[in-house]
Engineer: 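Mind having a look at this structure? Questions to follow.
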Amino acid sequence: MNKGVILVDVKAPRGTQDILPSESEKWQYVEKVLTNLCRTFNYKEIRTPIFEHTELFQRGVGDTTDIVQKEMYTFKDKGDRSITLRPEGTASVVRAYVQNKLYGLPTQPSKLFYFGPMFRYERPQQGRMRQFVQFGVEALGSADPAIDAEVMALAMNSYQQLGLQSLKLVINSLGDDASREAHRNALMEHFEPYRTALCNDCQIRLNQNPLRVLDCKDDRNHPAMKNAPSILDYLNDYSSTYFEEVKGYLDQMGIPYVIDKNLVRGLDYYNHTAFEIMSDAEGFGAITTLSGGGRYNGLVADLGGPETPGIGFALSVERLLMALEAEGITLPIDQKLDCYLVALGEEAQKEAVRLTYQLRKAGIQVDKDYMDRKFKAQFKAADRLHAKYVIVLGEEELQDKIVNVKHMKSGIQKEVPVNQLVDYLNKELQGGNEHD
RNA sequence: GCGGUCGUGGCGAAGUGGUUAACGCACCGGAUUGUGGUUCCGGCAUACGUGGGUUCGAUCCCCACCGGUCGCCCCA
């Protein structure tokens with residue numbers, strides 16, 4: 001029949017994945033925990049488009065960044081507009097903040113969170129997908145160092161709430177514009193004599209963004225690295241006081257951290273506070289950064305809004321789940337089914353359809369056989385679905401207008417009149433949950 | 001984007017330049033006309049990533065591509 005049909009081998013595009021039911025429950029659980037965490041920190045959800053004008057990311061993320069230069073999914077739509085699938089969330093959130101004039105609301109700072117897929121064209125690896133899901137928060141409108149600490153606390157708790165232990169909060173300050181400029185000049189001066197000894201990439205970085213030379217892996221052991229000027233020595237009074245206060249607030253909350261003066265972030269918009277959360281757990285390979293964030297005091301103005309400070313962070317849900325796996329943490333996901341209806345005989349099958357629907361309308365979770373299985377096999381199916389109760393409906397029950405309800409764990413079975421079944425199950429399911 | 005490595009039924013995993021490609025798990029049925037387990041017996045399955053090439057003949061050898069994975073770049 002299908003001889004003439006050409007079967008094309010259609011697969012999900014490279015770097016994307018299907019999240020099947022066994023996994024999606026974990027995703028839902030994580031999303032629930034994180035959403036609830038945001039509630040306690042009083043962050044509200046914002047949902048922005050999955051694609052934006054390309055220009056937003058060029059201006060927001062920065063033209064010289066790798067993300068913009070080589071990792072964006074950019075295409076022309078039918079109206080000849082250049083569109084890009086969002087590679088990160090901050091630019092969109094800030095754009096929405098400006099466009100909708102959220103800065104005019106009386107509730108400042110604006111504390112927002114988001115959850116959704118991001119897209120970057122990279123060579124895939126475990127923990128590095130072309131489509132991946134980020135959870136992130138942004139706090140806009142406050143330059144209080146306490147809110148930097150708050151965002152880091154939320155970031156750490158995102159993992160701790162789920163039971164992760166092997167975490168390391170790494171922080172640094174990138175300073176304000178004046179501090180950065182001074183540091184930049186010092187770096188160029190410092191490395192210039194060694195220019196030819198550095199790797200090719202670093203020779204280019206030296207001109208474009210000398211900060212990035214600091215975290216080069218090739219040149220890590222070059223003697224010039226050891227005594228390279230640290231940004232921390234070039235912070236002006238405001239920047240350095242700010243950093244001290246951020247650390248102070250972290251101490252207040254009892255959140256441990258380490259300072260890495262070479263921590264540099266790959267997006268242009270950061271200044272002052274920069275941080276990453278790493279996992280110490282085994283089995284991560286090259287992927288150790290679970291999440292990252294920082295302050296971006298110039299971004300709102302860059303995108304056409306009023307001069308407004310901001311700070312945020314984002315984590316990858318894929319990496320979060322990997323970290324849980326690596327630490328052997330299983331999420332408390334309820335895989336049980338309340339009821340499974342086993343029916344035997346033609347007439348009973350008809351009644352089973354009616355009864356199943358009736359129970360469902362009463363809010364009871366119930367399923368039945370659709371594979372024409374034998375009686376015994378239906379029981380096995382109920383077992384595989386981890387059914388708490390099995391409702392047996394055969395010819396005899398049908399005649400007597402009853403069903404047999406079996407509690408699977410104890411094996412105890414009771415006859416229940418059909419017209420009392422909803423009440424009976426509701427009572428059983430409420431009371432019975434404790435010892436399940 | 002660069003380099004390494006891998007690709008056999010739903011999953012795991014043998015194997016060979018040559019008639020029907022092992023096995024295990026899972027699944028279905030029977031032994032056990034209406035009660036989950038075990039055991040035994042039987043059965044099911046679009047399986048050698050795709051496309052070329054070498055060859056009388058390729059799942060096996062060669063090339064390209066696709067995909068996974070590891071490292072690099074970079075990042076979440």
Side-chain angles (χ1 to χ4, degrees), chain A residues 2 5 7-17 20 22 61 65-71 87-90 116-136 155 158 199-202 204-205 209 212 215-218 263-267 275-279 283-293 312-323 340 342-345 348 371-398 403-413:
Chain A
N2 287 330
V5 178
L7 290 174
V8 184
D9 197 7
V10 183
K11 294 179 191 155
R14 187 170 207 200
T16 68
Q17 63 175 339
L20 304 175
S22 54
V61 178
T65 61
D66 279 9
I67 289 179
V68 170
Q69 282 190 344
K70 53 183 207 192
E71 295 175 2
E88 57 100 49
T90 302
M118 306 293 163
F119 305 84
R120 291 185 200 173
Y121 190 91
E122 293 183 276
R123 181 99 173 248
Q125 231 169 279
Q126 195 171 70
R128 197 178 65 186
M129 300 281 139
R130 286 180 177 182
Q131 175 178 336
F132 60 101
V133 174
Q134 280 192 343
F135 159 76
S158 300
C199 76
N200 287 339
D201 285 340
C202 281
I204 297 166
R205 289 185 185 119
N209 191 351
R212 302 210 63 81
D215 65 356
C216 174
K217 297 198 170 64
D218 277 354
L263 174 67
V264 169
R265 310 239 59 242
L267 292 78
F275 68 96
E276 287 185 5
I277 296 173
M278 329 260 257
S279 170
F284 270 75
I287 308 291
T288 51
T289 302
L290 292 178
S291 58
F313 98 101
L315 67 80
S316 141
V317 177
E318 287 84 356
R319 289 184 185 179
L320 168 57
L321 291 170
M322 279 171 63
Y340 192 86
V342 170
L344 189 71
M371 298 301 286
D372 197 25
R373 290 193 179 91
K374 299 285 192 290
F375 187 83
K376 189 182 177 114
Q378 290 189 44
F379 255 90
K380 281 178 80 167
D383 225 24
R384 273 198 297 267
L385 293 170
H386 310 292
K388 294 176 196 162
Y389 292 88
V390 166
I391 302 164
V392 179
L393 179 64
E395 302 296 340
E396 293 162 26
E397 287 89 348
L398 201 58
V403 290
N404 270 295
V405 179
K406 181 169 185 174
H407 183 241
M408 293 297 270
K409 195 170 180 184
S410 66
I412 296 167
Q413 182 166 308

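Labels below follow one simple rule: chain letters A, B, ... track the order of the sequence lines, proteins then strands, and each chain is numbered from 1.
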Engineer: Please give the distance between the P atoms of C40(B) and U20(B) as a whole number of Å.
Structural biologist: 32 Å
Engineer: For M129(A), answer base if it contacts any base atom (sugar-phosphate contacts may also be present), sugar-phosphate if it contacts only those atoms, and nothing otherwise; contact means non-hydrogen atoms under 4.0 Å.
Structural biologist: base
Engineer: Evaluate the criterion side-chain contact (heavy atoms from CB on, under 4.5 Å) for residue pair E318(A) and V133(A); output intermediate values, then yes/no.
Structural biologist: CA-CA 7 Å; E318(A) 287 84 356; V133(A) 174; 4.1 Å; yes
Engineer: Not counting sequence neighbours, which residues clear side chain to side chain contact (heavy atoms under 4.5 Å, CB included) with R373(A)? List them please.
Structural biologist: Y340(A), D369(A), M371(A), A377(A), Q378(A), A381(A), R384(A)
Engineer: Between protein and nucleic acid, restricted to nucleotides 3-10 of chain B and to nitrogen or oxygen atoms under 3.5 Å apart, what atom pairs and distances do you find?
Structural biologist:
residue, atom, partner, partner atom, Å
G3(B), O6, R123(A), NH2, 3.1

Engineer: For Q131(A) and A76(B), give me the distance from atom CD to atom P, rounded to whole Å.
Structural biologist: 17 Å
Engineer: Let me confirm one number: the CD-CG distance from Q413(A) to N404(A), rounded to the nearest 0.5 Å.
Structural biologist: 4.0 Å
Engineer: Can you check whether R128(A) reaches R123(A) side chain to side chain, under 4.5 Å on heavy atoms?
Structural biologist: yes
Engineer: Classify F313(A) by what it touches in the nucleic acid, base, sugar-phosphate, or nothing, heavy-atom distance under 4.0 Å.
Structural biologist: nothing
Engineer: In the 5'-to-3' direction, what one-character label does each nucleotide of nucleotides 34-40 of chain B receive under the scheme B = base within less than 4.0 Å of a protein heavy atom, S = sugar-phosphate only, - = no such atom?
Structural biologist: BBBS---
Engineer: Under the rule for salt bridge (Lys or Arg N to Asp or Glu O under 4.0 Å), what residues qualify as partners of E71(A), not counting sequence neighbours?
Structural biologist: none
Engineer: Nearest whole angstrom, please: distance from the P of G1(B) to the CD of E71(A).
Structural biologist: 12 Å
Engineer: Could you state the interatomic distance from NZ (K388(A)) to CE (M408(A)), rounded to the nearest 0.5 Å?
Structural biologist: 13.5 Å
Engineer: Minimum heavy-atom separation for M278(A) to T289(A), with atom names?
Structural biologist: SD-OG1, 3.8 Å
Engineer: What's the CG-P distance between L263(A) and C75(B), to the nearest Å?
Structural biologist: 10 Å
Engineer: Among A76(B), G67(B), G71(B), which nucleotide has an atom closest to any side-chain atom of R14(A)?
Structural biologist: G67(B)
Engineer: In whole angstroms, how far is the C1' atom of C27(B) from the CG atom of D372(A)?
Structural biologist: 16 Å
Engineer: Using a 4.0 Å heavy-atom cut-off, does G293(A) contact any base of the nucleic acid, only the sugar-phosphate backbone, or nothing at all?
Structural biologist: nothing
Engineer: Please give the distance between the C1' atoms of C27(B) and C11(B) as a whole number of Å.
Structural biologist: 12 Å
Engineer: Could you tell me how far A21(B) sits from G9(B) if I compare only their C1' atoms? Round to whole Å.
Structural biologist: 11 Å
Engineer: Do L320(A) and L315(A) touch side chain to side chain, with heavy atoms closer than 4.5 Å?
Structural biologist: yes
Engineer: Just verifying a value: how many Å separate Q131(A) CD and R14(A) CZ, rounded to the nearest 0.5 Å?
Structural biologist: 16.0 Å
Engineer: Write down the distance separating the P atoms in G71(B) and C60(B), rounded off to the nearest Å.
Structural biologist: 30 Å
Engineer: Dot-bracket for RNA chain B, 5' to 3', counting Watson-Crick or G-U wobble pairs under 3.5 Å, with [ ] for crossing pairs and | for inter-strand pairs?
Structural biologist: (((((((..(((.....[....))).(((((.......))))).....(((((..]....))))))))))))....
Engineer: Taking the same atom, C1', in C25(B) and in A14(B), what whole-Å distance lies between them?
Structural biologist: 15 Å
Engineer: Residues two or more places apart in sequence or in another chain: which of them pass ring pair (Phe, Tyr, Trp, His ring centres under 6.0 Å) with F135(A)?
Structural biologist: F115(A)
Engineer: Using the P atom in both, what is the distance from U8(B) to C61(B), to the nearest Å?
Structural biologist: 14 Å
Engineer: Is the phosphate of C28(B), meaning OP1 or OP2, less than 4.0 Å from a side-chain N or O of R384(A)?
Structural biologist: yes
Engineer: C70(B), OP1 or OP2 - any side-chain N/O from Q126(A) closer than 4.0 Å?
Structural biologist: yes
Engineer: Let me know the distance between CG of L20(A) and P of C11(B), rounded to the nearest Å.
Structural biologist: 11 Å
Engineer: Is there side-chain contact between K70(A) and Y121(A), with at least one heavy-atom pair below 4.5 Å?
Structural biologist: no
Engineer: Can you list the steps and then say if V403(A) with L393(A) is a side-chain contact (heavy atoms from CB on, under 4.5 Å)?
Structural biologist: CA-CA 5 Å; V403(A) 290; L393(A) 179 64; 3.8 Å; yes
Engineer: Would you indicate what R373(A) reaches in the nucleic acid, counting non-hydrogen atoms under 4.0 angstrom: base, sugar-phosphate, or nothing?
Structural biologist: sugar-phosphate
Engineer: Does any non-hydrogen side-chain atom of E122(A) lie less than 4.5 Å from one of F132(A)?
Structural biologist: no
Engineer: Please work out if A382(A) contacts a base, only the sugar-phosphate, or nothing of the nucleic acid, heavy-atom cut-off 4.0 Å.
Structural biologist: nothing
Engineer: Less than 4.5 Å apart, any side-chain heavy atom of E395(A) and any of L344(A)?
Structural biologist: no
Engineer: Using atom C1' in both nucleotides, what's the gap between G10(B) and C70(B) to the nearest angstrom?
Structural biologist: 27 Å
Engineer: Tell me: CD of Q69(A) to C1' of C73(B), nearest whole Å?
Structural biologist: 13 Å
Engineer: Output the single nucleotide from A76(B), C27(B), U69(B) whose closest atom is nearest the side chain of E122(A).
Structural biologist: A76(B)
Engineer: Given the P atoms of C56(B) and U50(B), what is the spacing between them in whole Å?
Structural biologist: 25 Å
Engineer: Rounded to the nearest angstrom, tell me the gap between atom CZ in R120(A) and atom P in C73(B).
Structural biologist: 17 Å
Engineer: Look at the side chain of R128(A) against the base of A76(B) and say whether a donor-acceptor pair falls under 3.5 Å; ignore hydrogens and angles.
Structural biologist: no
